[in-house]
Amino acid sequence: AVAVTVRELAVAMSKKAREVVSMLRQMGESNVSPSFMVEPDIAQMVAKEFGLRTKLLKLRDSELGRTRVTEETFDSLEPRPPVVSVMGHVDHGKTTLLDALRTSKAKVAGTEAAGITQKIGAFSVEVKDSSVTFFDTPGHAAFKSMRHATSRLTDIVVVVIAADDGVKSQTVEVFDLLKEFPNLAPVVAVTKIDQYDVDTEKAVDRISRQLLEHSILTEGYGGEVPIVPVSAVTREGFDDLLETLLLQAEVLELRADNKAAAEGLVVDSAIVKGQGGVADVLVTWGKLKPKDVVVAGTEYGKVRGLISSGGKRMKEAGAAEPVRIVGMKGLPKMGDEVVVVASESEARAVIAQRIKQQEVKELEKQAEKLGSKRLSEQ
Ligand code: GTP
Ligand code: MG
């Protein structure tokens with residue numbers, strides 16, 4: 001094994017460079033940057049910190065050829081759409097904004113698969129020749145309870161602040177939460193600017209000053225957090241918001257390999273009439289195709305059909321695309337990791353391995369508890 005750069009390590013683990021940077025800092029390394037060289041033993045510790053078993057990491061690496069990822073191959077990876085969540089104070093307009101965005105482009109319409117309307121907790125909006133994926137989180141309370149999964153599904157958080165109400169307690173809570181997730185970039189959307197008594201410029205100025213009091217520095221106020229005025233009613237500012245999100249995606253260097261076998265995370269799963277077992281998945285790497293054998297957590301299936309959030313049949317699904325997999329034999333949990341394997345027998349072997357790992361983890365936990373109990377009794 002040789003030393004790798006932070007960037008290479010991040011790509012090998014499907015993480016972002018800044019996540020690895022902050023992990024290394026937490027582990028006590030100083031002067032860490034994306035080109036910082038990481039020794040193999042440290043790389044293993046980082047992988048472990050991210051919950052990736054070194055062995056599994058190696059297996060996936062050899063399957064995907066990711067151990068050979070270098071600075072050059074990083075450049076050859078294709079940019080992927082950003083995955084965006086919306087959060088903010090109660091009644092500030094999160095749902096209305098998401099609904100307006102959901103219907104803002106023609107993608108949602110079109111031929112529905114067998115007349116079934118899909119409800120995938122994510123949808124994508126096409127912008128010129130790229131797109132933005134919105135992850136329909138039920139709010140930041142839910143985000144807290146499933147923090148790990150959601151934070152791994154999201155790149156950018158749109159913090160919605162109503163122009164007529166300004167920064168409120170839950171707005172501040174969202175920013176506090178974001179401090180725990182350095183991999184999530186905030187974008188402020190000042191909503192409801194269509195209200196008759198709202199002066200957009202004044203509202204943006206007032207909100208920027210309020211945020212400043214909480215040490216959140218927006219653009220034009222000594223910082224880099226973009227602040228975009230919008231109206232979910234007139235759709236004013238939508239183009240600005242979408243362009244800002246794409247710009248952030250570029251800054252975050254969101255990329256994925258479109259030629260590799262797919263990986264993803266489970267958003268939801270269910271038994272659906274006429275479809276059987278389905279898993280709604282956000283692809284995070286590679287391309288998912290019909291007939292692929294997928295392992296999701298400790299369940300598996302063979303892709304019988306791929307359905308978009310708009311209800312259309314898809315020929316394939318790439319990184320950051322939300323997709324419904326039809327053909328699951330069991331129901332995986334939200335946040336479960338999805339990987340494509342060679343055959344159904346391999347799927348069963350991988351699952352057996354995962355179950356064993358879970359059992360070992362559980363035993364370790366119990367042993368730890370017992371150990372600390374004994375110590376405290378001494
Ligand atoms: P919770 O889910 O309860 O936290 O609220 P929310 O943040 O999802 O707010 P919601 O979208 O339900 O909007 C609250 C109210 O504000 C509703 O009555 C909306 O119609 C109204 N509203 C939302 N966005 C706009 C907007 O851009 N302009 C105007 N005029 N009203 C809006
Ligand atoms: Mg709502």
Side-chain angles (χ1 to χ4, degrees), residues 82-105 108 117-125 127 132-147 149-151 153-178 180-181 184-208 210-211 214 216 218 225-245 267-268 280 282 309 322 334:
V83 180
V84 180
S85 287
V86 175
M87 294 188 212
H89 194 71
V90 60
D91 270 355
H92 275 201
K94 300 174 290 290
T95 305
T96 312
L97 181 64
L98 272 171
D99 285 348
L101 284 164
R102 194 188 275 271
T103 53
S104 66
K105 293 282 143 90
V108 176
T117 308
Q118 305 305 321
K119 177 103 183 64
I120 299 183
F123 61 94
S124 42
V125 175
V127 191
V132 177
T133 300
F134 287 90
F135 186 55
D136 208 345
T137 42
H140 74 276
F143 187 94
K144 270 184 184 168
S145 66
M146 50 188 184
R147 53 201 330 158
T150 315
S151 79
L153 286 166
T154 305
D155 303 304
I156 300 171
V157 171
V158 169
V159 185
V160 167
I161 306 176
D164 56 344
D165 206 23
V167 172
K168 291 280 161 187
S169 60
Q170 282 171 284
T171 319
V172 177
E173 269 177 42
V174 171
F175 279 104
D176 285 343
L177 192 63
L178 287 177
E180 292 174 43
F181 298 98
L184 302 181
V187 167
V188 173
V190 174
T191 46
K192 308 196 189 182
I193 57 160
D194 59 289
Q195 307 261 50
Y196 67 95
D197 54 348
V198 163
D199 177 331
T200 304
E201 241 169 79
K202 272 192 193 148
V204 169
D205 180 62
R206 182 167 72 109
I207 287 168
S208 290
Q210 289 175 335
L211 289 172
H214 295 278
I216 293 129
T218 54
V225 177
I227 179 160
V228 189
V230 295
S231 161
V233 172
T234 64
R235 292 166 189 268
E236 198 184 333
F238 271 30
D239 288 346
D240 264 356
L241 179 61
L242 292 170
E243 258 162 47
T244 302
L245 294 171
V267 176
D268 200 2
D280 294 344
L282 198 66
S309 55
M334 156 137 202

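Positions are given from 1 along the sequence. Just follow the structure's listing: the first ligand is 1, and inside any ligand the first atom is 1.
Here the CZ atom belonging to F238 is positioned 7.0 Å from the OG atom belonging to S231, to the nearest 0.5 angstrom.
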Practice task
Take V198 and K192 through the side chain to side chain contact (heavy atoms under 4.5 Å, CB included) test and state the conclusion after the steps.
Solution key: CA-CA 8 Å; V198 163; K192 308 196 189 182; over 6 Å; no

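For the pair H92/Q170, no side-chain contact is recorded, criterion being any heavy-atom separation below 4.5 Å from C-beta on. Taking 4.5 Å as the limit, every side-chain heavy atom of V267 sits out of range of all side-chain heavy atoms of P322. Residues L245 and F134 meet the side-chain proximity criterion, which asks for heavy atoms closer than 4.5 Å. Here the side chains of L211 and V167 are in contact, with some heavy-atom distance below 4.5 Å. In this structure, the side chains of V159 and L178 come closer than 4.5 Å at one or more pairs of heavy atoms. Considering only heavy atoms from C-beta on, F135 stays 4.5 Å or farther from I156 through its side chain.
Protein contacts to the Mg ion (ligand 2) involving N, O or S atoms at a distance below 2.8 Å are T95 OG1.
Counting non-hydrogen atoms of other residues, nucleotides and ligands closer than 6.0 Å to CD of Q210 gives a total above 12.
Listed as neighbours of ligand 1 are H89, V90, D91, H92, G93, K94, T95, T96, K192, D194, Q195, S231, A232, V233, each bearing a heavy atom under 4.0 Å from the ligand.
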